[in-house]
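Naming convention: chains lettered A, B, ... in sequence-line order (proteins, then strands); numbering from 1 in each chain. Values below: every heavy atom of this structure, side chains too, minus hydrogens, waters and symmetry copies.
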There are 2 protein chains.
Amino acid sequence: MAQKAAPSPEPAPAKDDPLVLIVDDDAGMREAVVDLLQSVGIEGRAFGSTAELLAAAVPDRPGCLILDVRLPGLGGLEFQTRLDSLGIALPIVFMTGFADVPMSVRAMKAGATDFLIKPFRDQDMLDAVDAALARDRSRRSQRAATMTVESLAATLTPREREVMAEVVKGRLNKQIAGDLGISEVTVKLHRGKVMRKMQVRSVADLVRKVEVLDHEE
Amino acid sequence: MAQKAAPSPEPAPAKDDPLVLIVDDDAGMREAVVDLLQSVGIEGRAFGSTAELLAAAVPDRPGCLILDVRLPGLGGLEFQTRLDSLGIALPIVFMTGFADVPMSVRAMKAGATDFLIKPFRDQDMLDAVDAALARDRSRRSQRAATMTVESLAATLTPREREVMAEVVKGRLNKQIAGDLGISEVTVKLHRGKVMRKMQVRSVADLVRKVEVLDHEE
DNA sequence: CCGCAAGTCATACCTTGGTTTGCTTGGAAG
DNA sequence: CTTCCAAGCAAACCAAGGTATGACTTGCGG
């Protein structure tokens with residue numbers, strides 16, 4: 001209802017409330033799912049095809065996808081692969097009226113959160129969406145942490161990065177100086193700058209921050 | 001074939017070669033799968049029921065399970081849950097002649113590696129087993145690393161453990177002394193012992209070793 | 001050409017980390 | 001009751017980490 005309404009007394013859709021994207025070629029089903037979600041206070045936005053979804057300006061909010069497997073144009077499973085190669089890791093709940101086991105297994109192996117058969121029980125869909133949203137929240141917080149560290153690391157000069165790498169390896173200033181062919185004082189200088197720029201006070205904290213960095217890439 | 005043979009010139013089954021456990025109530029299927037695996041040099045051991053498998057003394061070797069879903073006594077899916085609660089994390093490949101989508105989805109959500117429909121193509125089974133074995137190898141090496149660190153940590157005295165925890169948090173000796181209500185010298189003493197017992201030379205290494213510890217538990 | 005950022009070095013000084021030696025205490029195992 | 005060990009303290013000492021201050025070079029963009 002309050003899709004584009006002016007400031008109202010109703011609970012405004014906050015920027016971080018989950019948004020569920022639904023793609024199904026059956027308008028009735030689309031509406032049913034949106035209504036179902038709305039009944040538990042979750043905003044849904046429906047599309048008739050994957051192309052429509054890709055064309056739309058989807059806000060960056062926590063959420064998930066509900067896909068019909070059989071779709072006009074790009075099918076659900078192909079779309080899943082496509083999103084993956086685009087680096088979009090939105091959790092996916094599949095739903096379909098015509099499915100066989102290999103199809104569902106393929107989807108699950110590719111990372112789908114759930115795979116429901118129409119007609120499904122309302123509660124099953126809500127449970128699946130819950131699980132998908134939980135997964136996305138966890139992914140997003142993980143991602144946010146990584147990006148924070150990345151932005152800090154981006155302010156480092158090349159030399160500082162080298163020194164940081166050695167510090168994290170546990171090398172002594174003396175050794176670092178030898179490896180890089182510079183004096184120990186200079187190493188201490190870079191090291192100090194690294195600690196400040198990375199906003200840590202101890203080597204332990206630095207190690208942990210850097211860990212999350214190369215853990216994800 | 002060479003199930004209990006005396007020492008022979010043939011390639012003896014090495015302790016770390018993979019062992020695939022098959023459970024199916026159809027003797028023909030059991031034999032077929034064992035033969036298929038043998039054709040690519042993988043040892044298989046077959047059972048007619050989950051009870052039989054549980055009763056048997058299965059050697060601790062890298063491997064995976066191939067389970068029929070429909071089994072006498074405990075069914076495949078229940079068995080999966082059961083193993084999980086027993087802490088046995090062997091990758092599972094399901095196979096079945098009678099399956100529906102919800103069943104396969106349930107199995108995949110519970111962590112199954114694959115879910116094949118009989119009759120399956122030989123290559124599909126071999127691919128599934130390959131994936132399962134890869135998963136188990138990775139899990140085992142991860143587990144081995146954790147256990148190594150655990151055994152090192154087991155030699156620590158309670159006090160040393162406390163000190164280690166603080167060191168990993170990046171606290172100074174001074175602060176640790178204050179927190180634990182002891183003198184700074186004593187902290188240094190414990191700290192030195194921790195470094196030796198954990199077989200690390202730098203705080204950075206210590207942090208990494210301890211990380212793997214509470215990452216898995 | 002000037003200014004600025006990155007990188008380098010030295011000296012000096014202080015803090016923190018780490019080891020050794022020697023001694024004490026309390027509890028558990030023998 | 002003795003032995004062993006975790007746990008603790010002190011003094012003294014050396015190594016390593018960390019912070020100025022000041023000064024020099026190089027390369028790049030305005």
Looking only at heavy atoms, the pair that brings B:Lys209 and B:Val149 closest together is O-CG1, 3.5 Å

Exercise: identify the closest heavy-atom pair between B:Asp136 and B:Pro62: OD2-CA, 3.3 Å

Does A:Lys109 come within less than 4.0 Å of B:Asp114, counting only side-chain N to carboxylate O? yes

Just the rounded figure in Å: distance from P of D:dA7 to NZ of B:Lys193. 9 Å

B:Met195 atom CE is separated from C:dT19 atom C1', nearest whole Å, by 14 Å

Measuring only between side-chain heavy atoms, which start at C-beta, is A:Leu37 closer than 4.5 Å to A:Leu126? yes

Closer than 4.0 angstrom, basic N to acidic O: yes or no for B:Glu43 and B:Arg61? yes

Hey, does the side chain of A:Thr157 come within less than 4.0 Å of C:dA5's phosphate (OP1/OP2), counting only N and O? no

Would you write out the dot-bracket form of DNA chain D, 5' to 3', with Watson-Crick and G-U pairs under 3.5 Å, [ ] for crossing pairs, | for pairs to other strands and . for unpaired bases? ||||||||||||||||||||||||||||||

Using only atom types and a distance under 3.5 Å, with no angle test, would you say the side chain of B:Gln175 pairs donor to acceptor with the backbone of B:Leu172? yes

Rounding to an integer number of Å, can you tell me how far B:Ile176 CD1 sits from D:dA7 C1'? 16 Å

Rounded to whole Å, please give me the gap between CZ in B:Arg191 and P in C:dT19. 10 Å

Chi angles and distances behind the salt bridge (Lys or Arg N to Asp or Glu O under 4.0 Å) call for B:Arg171, B:Asp179: CA-CA 10 Å; B:Arg171 324 277 310 237; B:Asp179 290 355; 3.1 Å; yes

Across nucleotides 8-16 of chain D, 5' to 3', mark each nucleotide with B, S or - according to how protein heavy atoms within less than 4.0 Å reach it. SB-B----S

Could you state the atom-to-atom distance from CZ of B:Arg161 to P of D:dA6 in whole Å? 11 Å

Expressed as a whole number of angstroms, how long is the span from B:Arg196:CZ to C:dG17:P? 17 Å

Please list, one pair per line, the donor and acceptor atoms closer than 3.5 Å that link side chains of residues 72-91 of chain A to other protein atoms, with sequence neighbours excluded.
| residue | atom | partner | partner atom | Å |
| --- | --- | --- | --- | --- |
| A:Glu78 | OE1 | A:Gly75 | N | 3.4 |
| A:Gln80 | NE2 | A:Ala107 | O | 3.2 |
| A:Thr81 | OG1 | A:Leu77 | O | 3.2 |
| A:Ser85 | OG | A:Arg82 | O | 2.8 |

Donor-acceptor pair, side chain of A:Thr155 and main chain of A:Ser151, under 3.5 angstrom: no

What integer distance in Å separates B:Arg201:CZ from D:dG17:P? 14 Å

Distance, rounded to the nearest Å, where B:Leu206 contributes CG and C:dG18 contributes C1': 15 Å

